Q: 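Take a look at this one; I'll ask things after.
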Amino acid sequence: MVLSWPLLSYIGCISSLCLPTPTLGLALPPEGKLLEARQSSFQTRIVDTGSMFSQEDNGVWQLIDATGDGILDLAYIKTKNTKSKSVEVHIASSSGFKTRVFGAGTTFAEENDGTWLLVPSKNSALPDLAFIKTSNTPSGRVEVHIASGASGYKSRIQQTATIFGNEDNGFWSLYDYDRDGILDLVYIKTRNTSSGKVEVHVASGASTYSRLIRQTVTSFAVDGNNGFWSLAPYSFPIEADLVYIKNTGTSTGQVEVSVLSRSSNFQTPIFQGASIYAQETNGVWSMIDYNRDGALDLAYIKYQNSVTGTTEVHVAAG
């Protein structure tokens with residue numbers, strides 16, 4: 001069982017998905033005031049920098065505190081074409097993302113049959129490495145595998161089949177949805193839903209992912225593969241609102257952010273707006289409190305076609 005404080009979004013980003021990280025700072029205003037209070041969100045760039053990493057798309061990129069100082073570092077989970085022939089974890093420190101603070105192979109062989117992400121650990125500053133295996137599983141079910149940061153990703157602390165049958169029609173993540181200190185398994189189904197709407201399904205970590213605690217049809221229509229979905233603490237630092245970052249096919253020509261509140265059962269928008277960024281598909285987008293002011297920022301890890309020739313980090317203030 002993996003214990004953690006609420007993983008509040010966006011731990012950062014991870015290639016094809018976004019996950020939650022702790023949001024530090026001030027409580028946010030009530031839902032009714034959010035639209036008015038944040039109409040200028042995501043219009044000011046607060047980070048625009050290259051990194052020590054060359055441009056590469058052989059795995060998953062993510063922002064997460066990997067040193068325990070409360071500041072986000074840049075992590076790369078390399079899942080193919082590795083020198084070690086295993087999945088590798090590489091981390092550059094928050095100080096300009098120019099200094100490597102970790103780099104090693106793991107207990108996992110190279111594999112891309114699911115979702116990889118780093119999640120905060122209770123036992124070390126270095127986060128744990130999770131693999132949500134969604135296809136070709138021995139059990140025929142979606143499985144959760146976790147290697148501990150404390151072991152340098154050499155020892156597995158969890159290998160569990162879940163209540164979900166193998167499926168990959170959306171975004172999988174680990175998030176403390178029910179606020180019990182244990183990470184739950186979240187599936188935001190964005191394609192091939194019976195309802196024709198985006199759906200949110202959550203299996204509790206306390207039950208070792210064997211019991212569903214949430215199955216909800218949202219007010220979002222299915223929208224193909226035009227963006228990034230996650231649960232994130234938009235309305236309050238321990239909340240789990242549904243965030244959609246649409247980075248292609250937008251009406252404004254800009255990257256757009258839409259948020260549905262958990263308190264409305266994912267029916268009511270509490271933010272809808274365009275950002276400073278033009279539409280772009282050269283990296284991964286996420287919501288995370290980068291500057292630790294209590295409001296989620298819009299982060300973009302650009303890993304191809306960058307100006308600097310390196311993987312870049314861009315953040316617009318929330």
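Since this is a predicted model, take the numbers as computed values, not measurements.
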Q: What orientation do Y234 and F271 show, parallel under 30°, tilted 30 to 60°, or perpendicular over 60°?
A: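 Ring orientation, 0 to 90° scale: tilted.
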
Q: Hey, what's the ring geometry for H314 with Y277, parallel, tilted or perpendicular (30° and 60° as the breaks)?
A: perpendicular

Q: So, the side chain of Q55 versus the backbone of N305: is there a donor-acceptor pair under 3.5 Å, distance only?
A: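 Indeed, once roles are kept as given, a pair shorter than 3.5 Å links the two residues.
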
Q: W116 vs F131 aromatic rings, parallel, tilted or perpendicular, using cut-offs 30° and 60°?
A: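 If you compare the ring of W116 with that of F131, the planes turn out parallel.
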
Q: Check step by step if side-chain hydrogen bond (donor to acceptor under 3.5 Å, both in side chains) holds for E239 and S235.
A: CA-CA 7 Å; E239 197 47 276; S235 61; 4.6 Å; no

Q: Closest approach of V47 and V313, non-hydrogen atoms and distance?
A: CG1-O, 3.6 Å

Q: Which word best sums up how the rings of W285 and Y300 line up, parallel for under 30°, tilted for 30 to 60°, or perpendicular for over 60°?
A: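 Parallel, since the angle between the ring planes stays under 30°.
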
Q: Taking NZ, NE, NH1 and NH2 as the nitrogens, is one of them in R214 or E199 under 4.0 Å from a carboxylate oxygen of the other?
A: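 Judged by the 4.0 Å cut-off on N to carboxylate O distance, R214 and E199 do not form a salt bridge.
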
Q: Between the main-chain N or O of L296 and the side-chain N or O of D289, is there a donor-acceptor pair closer than 3.5 Å?
A: no

Q: Is it the case that the side chain of R211 and the backbone of I163 share a donor-acceptor pair, with hydrogens and angles ignored and the cut-off at 3.5 Å?
A: no

Q: Any donor and acceptor pair, going by atom type alone, linking the side chain of D65 with main-chain N or O of T67 inside 3.5 Å?
A: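 A pair under 3.5 Å: yes.
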
Q: So, Q272 side chain and S258 main chain: donor-acceptor pair closer than 3.5 Å or not?
A: no

Q: Kindly say whether S54 contributes a backbone atom to a donor-acceptor pair with the side chain of T311 at under 3.5 angstrom?
A: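 Yes: the side chain of T311 pairs with the backbone of S54.
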
Q: Could you tell me how the ring of Y76 sits relative to the ring of W61: parallel (under 30°), tilted (30 to 60°) or perpendicular (over 60°)?
A: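 Geometry flag for W61 against Y76: parallel rings.
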
Q: So which heavy atom on P138 is nearest to which on E143, and how close?
A: CD-OE2, 3.5 Å

